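Read the structure below first, then the notes.
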Amino acid sequence: MAAPAPGTRDTVLAGPHVPRPSGTPCTVELFRDVEIPIAHFTSWDGHGRFAYAPPPACPGPWAKVILKVALRNADPDSYLDGVEFAYVSIGDVPLYSGAAADNDVPTHWRVERDVTDYAAVLRTPNEGAMEIQALPRFGGVFQAPYYMSATLLFYPANTANRAPRVPDAAYPLAPDHGWREVGGRAGTLAATLSLPRNVERAYLDVMAHPRAHDVLWFTCMPNAAIAAFPELRSPLAIGTGQFGLEGEPPPQGCGEGGFREVQVSIDGQPAGVVPVFPRFPPKFNALWNTPALLQPAPPPQALNFMPYRVDLAPFAGLLSDGAPHVVALSVAGRESEARFSDFQLSGTLLVYRDRGGARVTGQVTRNTLAGQPPAPNVSSTLARDAAGVVSGSVVTRSTRSYAIEGYVDTSRGRIRSTVERSVRFENVLVPEAYDGPGDAADRYSLGVGLASSVSGTSRRYLAGKLIAEDREYIAYPLTLAYRYRGARLQQAYVQRTERWRPGVTRYYTHLLHEVDLAYVPGDAGAPALEWRGDQRYLFRDSYASCYRTDVRTQGGALAEFREGTDCPGGVNRLFWAAHPDGSPDGLGWAK
């Protein structure tokens with residue numbers, strides 16, 4: 001595909017397309033150029049459903065299944081505030097989830113997802129759903145439609161690209177097209193599932209989409225700080241509060257603290273931890289109507305959310321006991337109950353069955369996460385000086401390491417699974433606020449330094465012999481320097497994995513998507529004093545994949561797009577089974 005041309009103000013994506021296997025795919029068009037009017041947290045529900053049927057010419061097994069989604073907005077005057085959310089699901093399993101670009105020109109973008117692991121829901125006819133949710137800034141008179149298209153590509157298996165071992169079943173936790181709105185301190189998505197009696201392994205793909213008052217959760221002050229220093233709630237602060245065409249803007253700045261985390265449980269027993277990616281929306285102040293900071297090349301995960309996969313293999317024996325089990329997701333971190341909905345959660349339980357037996361038994365033998373509830377430590381040096389200026393810092397830290405072990409007796413023998421994880425979180429907020437005698441004297445700035453990471457190892461043993469080992473490290477660093485109408489954002493998505501199976505060369509991957517974006521406005525009607533961005537997208541693996549793009553933007557337009565830097569021959573190359581977008585990889589292609 002041709003590189004974008006310098007000078008374009010249309011959306012530019014640094015990441016790669018999903019790599020293709022050899023052969024010609026069968027194409028199933030789900031819908032084309034569907035017009036979706038934007039409304040106040042309402043959706044195109046009732047009209048956003050479509051019938052799905054698998055391609056008769058490609059009955060499977062498939063080497064790979066790819067979902068292609070195209071979105072566009074023909075009118076830049078949509079006046080959205082960056083709380084956009086879009087998805088496509090089939091059988092209540094989300095295949096794509098993302099958000100909307102918001103440039104100062106009509107804009108288009110295309111994203112892709114490797115959905116091979118969800119083949120179980122694609123083998124039979126089913127109902128699909130799609131929608132876009134958003135929060136218009138000034139009401140209906142300024143609403144503008146988006147248009148969406150979606151297509152599935154089914155690649156038949158062949159001698160060069162074998163069909164991978166994929167999950168035998170997929171169970172969505174949310175029956176409402178795969179997503180559930182949760183709010184308040186104890187917001188929970190839970191499903192009671194009756195599973196087969198021969199579950200050998202299980203995984204949970206989790207996505208957490210912050211919205212409404214929590215869309216910028218990593219900038220939120222503790223409630224005690226806001227109570228002691230009302231200046232932290234200012235029209236100049238970061239916030240999603242809206243105002244109409246008449247009247248004064250509401251105070252911005254959020255409370256409830258700057259820590260969020262998703263907890264996974266089975267029958268109330270803690271089963272895993274999911275870090276929340278700090279997705280940055282196009283606009284982060286109701287008075288700042290320009291999407292300048294993210295135009296035209298948005299930061300990581302802005303338009304295409306990747307699920308986080310939780311290894312639930314130690315619970316396979318429990319899940320196979322024939323009783324119904326409650327699998328639940330909950331958002332931790334809010335300091336008090338809230339009346340508004342703050343997150344949308346999605347969970348898909350992926351199950352591998354024992355193909356040699358109809359029934360297995362087993363149990364969880366160790367779970368140190370059960371004694372470690374999320375309890376971040378918060379410290380503050382905030383103070384008001386003699387001139388009335390509030391400054392200082394608020395530091396929120398959370399560190400937990402845990403191990404979960406269990407076994408399952410299968411037709412092949414006893415399989416023992418261990419999952420070890422270390423979860424680290426630190427968020428440093430450095431505000432400066434002054435509420436002077438007149439509006440002209442007011443000032444507000446905020447520095448954010450966020451470090452969130454998960455690392456660990458999963459192992460499986462058959463009759464005491466190691467049969468699988470997976471190591472992972474995922475980090476979401478973010479630094480923000482904000483002053484009203486101007487900001488500098490440095491953000492990265494980092495992922496390193498190491499996977500081993502018997503008879504297969506150990507497989508390594510390294511993914512880095514980092515951005516440095518800045519916008520400083522000029523006087524009214526004058527050009528911006530600073531409006532630029534730099535991005536680097538790098539993926540490498542031990543199967544000779546090398547993908548790199550370098551993107552430079554200036555004045556809201558593309559200045560330079562370079563491909564293949566430091567790759568052999570200066571050319572990007574991707575192994576057909578690689579996951580260069582950071583999506584979960586079950587390594588089924590290696591078996």
Side-chain angles (χ1 to χ4, degrees), residues 173 182 185-191 202-210 214 217-218 257-279 301 305-315 318-319 325-335 342-350 364 366-378 396-406 417-427 450-459 470-478 493-497 582 584:
L173 301 191
V182 300
R185 188 177 182 182
T188 300
L189 164 61
Y203 302 87
L204 187 66
D205 281 0
V206 178
M207 285 185 284
H209 174 68
D214 254 350
W217 57 270
F218 48 91
F259 170 76
R260 300 293 184 273
E261 190 177 76
V262 176
Q263 312 296 304
V264 181
S265 65
I266 297 177
D267 299 330
Q269 178 179 186
V273 174
V274 178
V276 177
F277 184 81
R279 186 183 73 85
Q301 302 280 311
F305 308 154
M306 292 297 129
Y308 180 87
R309 180 162 292 180
V310 181
D311 188 345
L312 298 178
F315 296 87
L318 173 66
L319 295 173
H325 294 281
V326 178
V327 181
L329 303 174
S330 61
V331 179
R334 299 193 63 82
E335 296 183 347
D342 47 31
F343 266 80
Q344 292 203 133
L345 297 180
S346 171
T348 302
L349 182 67
L350 301 172
V364 178
R366 184 183 180 212
N367 187 348
T368 65
L369 182 59
Q372 300 187 69
N377 176 267
V378 181
T396 304
R397 292 190 177 97
S398 174
T399 301
R400 283 181 292 169
S401 295
Y402 64 89
I404 304 176
E405 300 178 1
S417 299
T418 66
V419 174
E420 299 173 335
R421 293 293 184 271
S422 179
V423 185
R424 301 182 181 275
F425 180 94
E426 181 179 81
N427 190 7
L450 177 66
S452 176
S453 66
V454 177
S455 60
T457 304
S458 295
R459 296 183 177 95
D470 297 302
R471 299 177 182 268
E472 69 170 23
Y473 172 77
I474 296 176
Y476 305 149
L478 177 148
Y493 180 97
V494 183
Q495 183 188 79
R496 295 195 295 269
T497 69

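None of the values given here were measured: they were computed from a predicted structure.
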Might you point out which heavy atoms bring [X] and [Y] nearest each other, and give the distance in Å?
{"X": "S398", "Y": "F259", "value": "CB-CE1, 3.9 Å"}
{"X": "A328", "Y": "T188", "value": "CB-CG2, 4.0 Å"}
{"X": "G582", "Y": "Y493", "value": "O-OH, 3.6 Å"}
{"X": "P270", "Y": "A370", "value": "CG-CA, 3.7 Å"}
{"X": "A202", "Y": "L319", "value": "CB-CD1, 4.0 Å"}
{"X": "Q263", "Y": "A332", "value": "NE2-CB, 3.9 Å"}

Is a donor on one side and an acceptor on the other found under 3.5 Å between the side chain of [X] and the backbone of [Y]?
{"X": "D205", "Y": "P307", "answer": "no"}
{"X": "T368", "Y": "A403", "answer": "yes"}
{"X": "E261", "Y": "G333", "answer": "no"}
{"X": "D267", "Y": "Q269", "answer": "no"}
{"X": "Q301", "Y": "M306", "answer": "yes"}

Drop me the distance from [X]'s [atom1] to [Y]'s [atom2], to the nearest 0.5 angstrom.
{"X": "S458", "Y": "E420", "atom1": "OG", "atom2": "CD", "answer": "8.5 Å"}
{"X": "L173", "Y": "T348", "atom1": "CG", "atom2": "OG1", "answer": "7.0 Å"}
{"X": "R279", "Y": "L478", "atom1": "CZ", "atom2": "CG", "answer": "13.0 Å"}
{"X": "I474", "Y": "F277", "atom1": "CD1", "atom2": "CZ", "answer": "11.0 Å"}
{"X": "R424", "Y": "S455", "atom1": "CZ", "atom2": "OG", "answer": "7.0 Å"}

Please tell me if the side chains of [X] and [Y] come closer than 4.5 Å, counting only heavy atoms from C-beta onward.
{"X": "R459", "Y": "R471", "value": "yes"}
{"X": "R421", "Y": "V273", "value": "no"}
{"X": "Q372", "Y": "S401", "value": "no"}
{"X": "Y203", "Y": "D311", "value": "yes"}
{"X": "I404", "Y": "F315", "value": "yes"}
{"X": "L345", "Y": "V206", "value": "no"}
{"X": "T418", "Y": "R366", "value": "no"}
{"X": "Y308", "Y": "L204", "value": "no"}

Tell me, with the steps shown, if D342 and R260 meet salt bridge (Lys or Arg N to Asp or Glu O under 4.0 Å).
-> CA-CA 11 Å; D342 47 31; R260 300 293 184 273; over 6 Å; no
Decide if atom CZ of R397 counts as having more than 12 heavy atoms of other residues, nucleotides or ligands within a radius under 6.0 Å.
->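 No, the 6.0 Å shell around CZ holds no more than 12 heavy atoms from other groups.
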For Y476 and L450, run side-chain contact (heavy atoms from CB on, under 4.5 Å): C-alpha distance rounded to whole Å, both residues' side-chain angles, the deciding distance at 0.1 Å, then the answer.
-> CA-CA 8 Å; Y476 305 149; L450 177 66; 5.8 Å; no
Step-by-step side-chain contact (heavy atoms from CB on, under 4.5 Å) determination, L312 to L349 | CA-CA 9 Å; L312 298 178; L349 182 67; 3.8 Å; yes
F343 and side chain to side chain contact (heavy atoms under 4.5 Å, CB included): which partner among L329, V331, L189?
->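 Only one of L329, V331, L189 forms a side chain to side chain contact (heavy atoms under 4.5 Å, CB included) with F343, namely V331.
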